[in-house]
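So you know, we letter chains A, B, ... as the sequences are listed, proteins then strands, and number each from 1.
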Number of protein chains: 2
Amino acid sequence: MTSQSADAVSSSRRSKITPEREQEFYDAVLQQLRENGYDSLTMEGVAASTRCSKSTLYRQWKTKPQLVAAALRTCSRTSLADIDTGSLAGDLREVVRHAGERSYKDTRLMQALGHAVLQDEELRRALREAVVEPEIGAIEEMVRRGVRRGEIPADHPAAEFVSAQLLGVLRARPLLEGRDADTPYLTRFLESCVLPALGLPGNT
Amino acid sequence: MTSQSADAVSSSRRSKITPEREQEFYDAVLQQLRENGYDSLTMEGVAASTRCSKSTLYRQWKTKPQLVAAALRTCSRTSLADIDTGSLAGDLREVVRHAGERSYKDTRLMQALGHAVLQDEELRRALREAVVEPEIGAIEEMVRRGVRRGEIPADHPAAEFVSAQLLGVLRARPLLEGRDADTPYLTRFLESCVLPALGLPGNT
DNA sequence: GTGTACCGATACGCCGACGTATCGTACGCT
DNA sequence: AGCGTACGATACGTCGGCGTATCGGTACAC
């Protein structure tokens, strides 16, 4: 056969599944999700794009929703949790910078899981725990820090809407304008809507 | 009219398709869309729930996406276009009242069409022209009227985000809190975020 | 060197949905 | 009264995806 020398990637896939290999599966799942939606994601497709056999997939995960749920759980972006610039406005500016960069991928992913999430309990929990909660939790923590620092009052009526606003606009722009909500757009939104509503000065 | 006996519905459906009957098809399509998503919407299902045969469906519409597109085009709720209270704040309060009532149906519908819309050109146009454009156009017209009346400056930076904010929050709440964005929620959002960002006084 | 566990390929059964075709018949018009 | 049109029922071919099963072969441990 072929001389399987240094490239462990292309030719021989006979070794046990390493963590890196596992991540390749997950990446393929997420990519196919974004491109074609949940229903058009097929086990055959994942197998083909990762050059494994269906047997391998079904050995590791029982069913298609479980594979997808597992893939979602690797999405845990803890990036937002690390942000702490010392001011609420500064934190949120960092948030929109990150969100704008990941706008396309996250938006498509959410869109793809739209209704599938309503049918499968495990899928719903995976999406919430792995994607929604971490990001939204981080934002709400920023707001709480802002309250503690006295930047905004604890019962500011706009406080409850910060995360919904950001997530909402992120998903709304593609529908309204046909373009992703990139960082400049999100920044304009933050400075001219979110921060003013909170009583904080926006960069004009 | 065909004043058959009392039960024109259950037994014999042999008459030609009246406009009312046609609307029954569309309603069934939209309902199944909202309940199960686009991919799980089946011609068999529509036929069964409307007690017609598949032949009839395929005689009227060539394919499944065309049936769905036709159903979408009957959604044209021009209700928002009729709103004109004399002030921007008043107009928007009417908008959230309507939107809150239709929240569940509209949100689910958008969610259901998520990725299908990316695959089929006709479907995409139908959704835009029948659902998105009318509502968003009405809101933007309200903003323009507000500018003409001098309520807000023409270049107010928050003006471009009014429709995106409302649509976004409408779709975001179910994801974040697991509940629909009803009228009270939308009203709070309007008074504490949208109006303040525009420099208008919100009802506290 | 021997063994075992795991991988890849592939074939299979099953099901459900699309879209077509056929046929009998009720409707509604003239 | 008669006739054509469109409807309802249903069967059919096709396709594609899920999940299972079988089998040969290879990597890695011992």
Side-chain angles (χ1 to χ4, degrees), chain A residues 1-22 24-25 28-29 32-33 35-70 112 115-116 119-120 122-123, chain B residues 1-5 7-22 24-25 28-29 32-33 35-70 115-116 119-120 122-123:
Chain A
M1 273 298 192
T2 60
S3 64
Q4 50 206 13
S5 53
D7 74 355
V9 176
S10 64
S11 57
S12 79
R13 277 294 194 189
R14 299 329 214 97
S15 57
K16 289 174 79 167
I17 294 183
T18 64
E20 299 82 29
R21 178 67 169 148
E22 195 177 327
E24 284 181 38
F25 292 141
V29 167
Q32 290 203 20
L33 261 185
E35 286 178 1
N36 302 113
Y38 178 83
D39 292 281
S40 297
L41 165 75
T42 68
M43 300 299 263
E44 270 97 351
V46 175
S49 72
T50 58
R51 285 191 285 276
C52 78
S53 78
K54 280 205 302 175
S55 325
T56 302
L57 297 182
Y58 281 104
R59 266 191 285 262
Q60 304 286 334
W61 303 275
K62 307 280 185 270
T63 69
K64 165 175 159 177
Q66 291 193 15
L67 170 60
V68 175
H115 257 76
Q119 317 280 348
D120 189 287
E122 183 177 1
L123 218 52
Chain B
M1 266 200 217
T2 60
S3 62
Q4 241 171 325
S5 61
D7 66 356
V9 177
S10 63
S11 56
S12 77
R13 278 291 197 188
R14 304 315 225 98
S15 58
K16 289 174 78 167
I17 294 182
T18 64
E20 299 82 27
R21 178 68 170 147
E22 194 176 329
E24 285 181 39
F25 292 141
V29 168
Q32 290 203 21
L33 260 186
E35 286 179 0
N36 302 115
Y38 178 83
D39 292 283
S40 297
L41 166 75
T42 68
M43 301 298 262
E44 271 98 351
V46 175
S49 72
T50 57
R51 285 191 285 276
C52 79
S53 78
K54 281 204 302 174
S55 324
T56 303
L57 297 182
Y58 281 105
R59 266 191 284 263
Q60 302 288 333
W61 303 275
K62 306 280 184 268
T63 69
K64 165 176 161 179
Q66 290 194 15
L67 170 59
V68 174
H115 257 78
Q119 317 280 345
D120 190 286
E122 183 176 3
L123 218 52

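One atom, CZ of A:Arg21, and another, P of D:dA27, lie 14 Å apart when rounded to the nearest Å. To the nearest angstrom, P of C:dG16 lies 15 Å from CG of B:Asn36. When rounded to the nearest whole Å, the span between CG of A:Asp39 and C1' of D:dG16 equals 13 Å. Remark: P of C:dT4 and NZ of A:Lys16 are 15 Å apart, rounded to the nearest angstrom. Rounded to a whole Å, the CD atom of B:Glu22 is 15 Å from the P atom of D:dA6.
Contact detail for A:Val68 and A:Tyr38: the closest heavy-atom pair is CG2-CE1, 3.8 Å. Nearest heavy-atom pair across B:His115 and A:Gly37 is CD2-N, 3.6 Å. Residues A:Ala47 and A:Leu57 come closest through the heavy atom pair N-CD1, 3.9 Å.
Of the residues in residues 40-47 of chain A, not one comes within less than 4.0 Å of DNA chain C through any heavy atom. Residues from residues 57-67 of chain B that place a heavy atom under 4.0 Å from any atom of DNA chain D, listed by number: B:Arg59, B:Gln60.
There is no side-chain donor-acceptor pair under 3.5 Å between A:Thr42 and A:Glu44.
The shortest distance between side-chain heavy atoms of B:Leu67 and B:Gln60 does not fall below 4.5 Å. Within the 4.5 Å cutoff, side-chain heavy atoms of B:Arg21 are placed close to those of B:Cys52.
Between the side chain of A:Glu122 and the main chain of A:Ala69, no donor-acceptor pair closer than 3.5 Å is present.
In this structure, the side chain to side chain contact (heavy atoms under 4.5 Å, CB included) partners of A:Thr63, at least two apart in sequence or on a different chain, are A:Pro65, A:Gln66. Not counting sequence neighbours, A:Glu35 has no partner by the salt bridge (Lys or Arg N to Asp or Glu O under 4.0 Å) test.
The salt bridge (Lys or Arg N to Asp or Glu O under 4.0 Å) pairs that include a residue from residues 56-69 of chain A number zero, where partners must be two or more places apart or lie in different chains.
Interface remark: the B:Lys54 side chain does not form any donor-acceptor pair with the D:dG8 base, using a distance-only criterion of under 3.5 Å. Within 3.5 Å, no donor on the side chain of B:Ser55 pairs with an acceptor on the base of D:dA6, nor the reverse.
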- Query: Based on Watson-Crick and G-U pairs with both distances under 3.5 Å, what dot-bracket line describes DNA chain D 5' to 3', crossing pairs as [ ] and inter-strand pairs as |?
  - Reply: ||||||||||||||||||||||||||||||

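For A:Ser53, no side-chain nitrogen or oxygen approaches OP1 or OP2 of C:dA9 to under 4.0 Å.
The distance from atom OG1 of B:Thr56 to atom CE of B:Met43, rounded to the nearest 0.5 Å, is 10.5 Å.
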